[in-house]
Number of protein chains: 2
Amino acid sequence: MIKRFAIYGILVAVAAISLQLIQYKLLIINNSIELYSGVLALIFTITGIYAGQRLTRKKEVVIEKLVYATPDPVMTSLPIEVDEQLREKLGISKREFEILELMSHGHSNQEIADKLFVSVSTVKTHTSNIFLKLDVKRRTAAVKKAQDLNLIA
Amino acid sequence: MIKRFAIYGILVAVAAISLQLIQYKLLIINNSIELYSGVLALIFTITGIYAGQRLTRKKEVVIEKLVYATPDPVMTSLPIEVDEQLREKLGISKREFEILELMSHGHSNQEIADKLFVSVSTVKTHTSNIFLKLDVKRRTAAVKKAQDLNLIA
DNA sequence: ATACCTTTCATACCAAAGTATGAATTTTGG
DNA sequence: CCAAAATTCATACTTTGGTATGAAAGGTAT
């Protein structure tokens, strides 16, 4: 940081000397204080921008950028196994898990029943069991918890 | 962005007029081109630093976070800004959005009402409007769609 | 074989969610 | 200031979700 200020100091010194030259050239040849002012303004604006950038360059804000990509085959194997382990750990059966996934897609009990070719009663039984095992009282909470646990996507 | 340049343009104009005053004051009273140069340099260095900061403020370091999802044409810039834009595009009000978020956390209408200090009726009205705007029929579907649209986390 | 788990289904009942309608109040933008 | 949008609330009604209970059928491990 000290080094940086030293460099900037040298630059200012060089600029000062340059100014003397520019000053006399412009003032003697053109006798124009306006032109001189303009050049001066331009130079120091640029210098200011440069200095400002240099001195504050490290103040960066880290922002997450979402990159869309299809899942890597190698990566997909891991989550599924974890899902499986966690599912079994929670005592959730495969059928219940199926229903949990359909539930997370926003389907009603009736729609789930139709998709799985079972009665609404069956779906209700499963969902009730899922709620017990996930320790929640509503399907929205079940989906949220399952997502938080990485049980489902 | 255009607005920013306009503001900068006005500042430059004001600076130019100020310069005339400073120029004559200093040159006439002190007859010192060196003092004038110094003031000019200082002003425009500061201006430069300010302008540089302003115009390049958004250059953050972007850390890429992989999200496994199909590319969405709407989702190209920063998530936070898109949330706002998308929300407005869908005509979803700030209050409705609040409720949508609480809904996605698995809360019931009663719980949402308690958190926001409003009646269940109000929450129901909002949720119904949300469903219309998201073109869904259930809260689970609303949450799913909002997540898919990256409207909510 | 039998004890256990999973899956299936029903019936009944209560709670929560969602719709429709209308209206009062507040905020906000021109 | 005024019009439009947002927020609030109520009442009445329908639909869906969730609980409780009981039961039947199929698979499986001891």
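Letters go in sequence order (proteins before strands), and every chain restarts at 1.
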**Message:** Please determine whether a side-chain nitrogen or oxygen atom of A/H126 lies at a distance below 4.0 Å from atom OP1 or OP2 of C/dT8.
**Reply:** yes
**Message:** Please report the distance, rounded to the nearest Å, between CG in A/N109 and C1' in D/dG18.
**Reply:** 9 Å
**Asked** Rounding to a whole Å, what distance do you find between B/Q110:CD and D/dC9:P?
**Response** 12 Å
**Item:** Ionic contact status for A/E96 with A/K133, cut-off 4.0 Å
**Value:** yes
**Asked** Starting at CD1 of B/I112 and ending at C1' of D/dT7, how long is that distance when rounded to a whole Å?
**Response** 16 Å
**Message:** Under 4.0 Å, counting only non-hydrogen atoms across every strand here, what does B/T122 touch: a base, just sugar-phosphate, or nothing?
**Reply:** base
**Request:** Indicate, with a heavy-atom threshold strictly under 4.0 Å, whether A/S119 touches base, sugar-phosphate, or nothing.
**Result:** sugar-phosphate
**Message:** In whole Å, I'd like the distance from the CZ atom of B/R138 to the P atom of D/dT16.
**Reply:** 8 Å
**N/O donor-acceptor pair, side chain A/S93 with base C/dC5, under 3.5 angstrom** = no
**Asked** Between atom NZ in A/K133 and atom P in C/dT7, what is the gap in whole Å?
**Response** 8 Å
**Asked** Counting only N and O atoms by type, is there a donor-acceptor contact under 3.5 Å from the side chain of A/K145 to the main-chain atoms of A/L134?
**Response** yes
**Message:** Rounded to whole Å, please give me the gap between NZ in A/K94 and C1' in D/dG27.
**Reply:** 13 Å
**Request:** For A/T127, report the nucleic acid contact type (base, sugar-phosphate, nothing); a contact means any heavy atom under 4.0 Å.
**Result:** nothing
**Cluster check A/V136, A/I112: I/L/V/M/F/W/Y, side chain < 4.5 angstrom** = yes
**Note: A/R138-B/E111 ion pair, threshold 4.0 Å (strictly below)** = yes
**Message:** Rounded to whole Å, please give me the gap between CZ in B/R139 and C1' in D/dG18.
**Reply:** 14 Å
**Asked** D/dT16 P sits how many Å from A/E111 CD, rounded?
**Response** 9 Å
**Prompt:** Of B/I92 and A/H107, whose closest DNA chain D nucleotide lies nearer the 5' terminus?
**Reply:** B/I92
**Prompt:** OP1 or OP2 of C/dG18 sitting under 4.0 Å from any side-chain N/O of B/S128?
**Reply:** no
**Request:** Consider only side-chain N and O atoms of A/T125 and A/T122, and report whether a donor and an acceptor are under 3.5 Å apart.
**Result:** no
**Prompt:** More 5' along DNA chain C: B/T140 or B/T125, using each one's nearest nucleotide?
**Reply:** B/T140
**Asked** Base, sugar-phosphate, or nothing for A/S108, non-hydrogen atoms under 4.0 angstrom?
**Response** sugar-phosphate
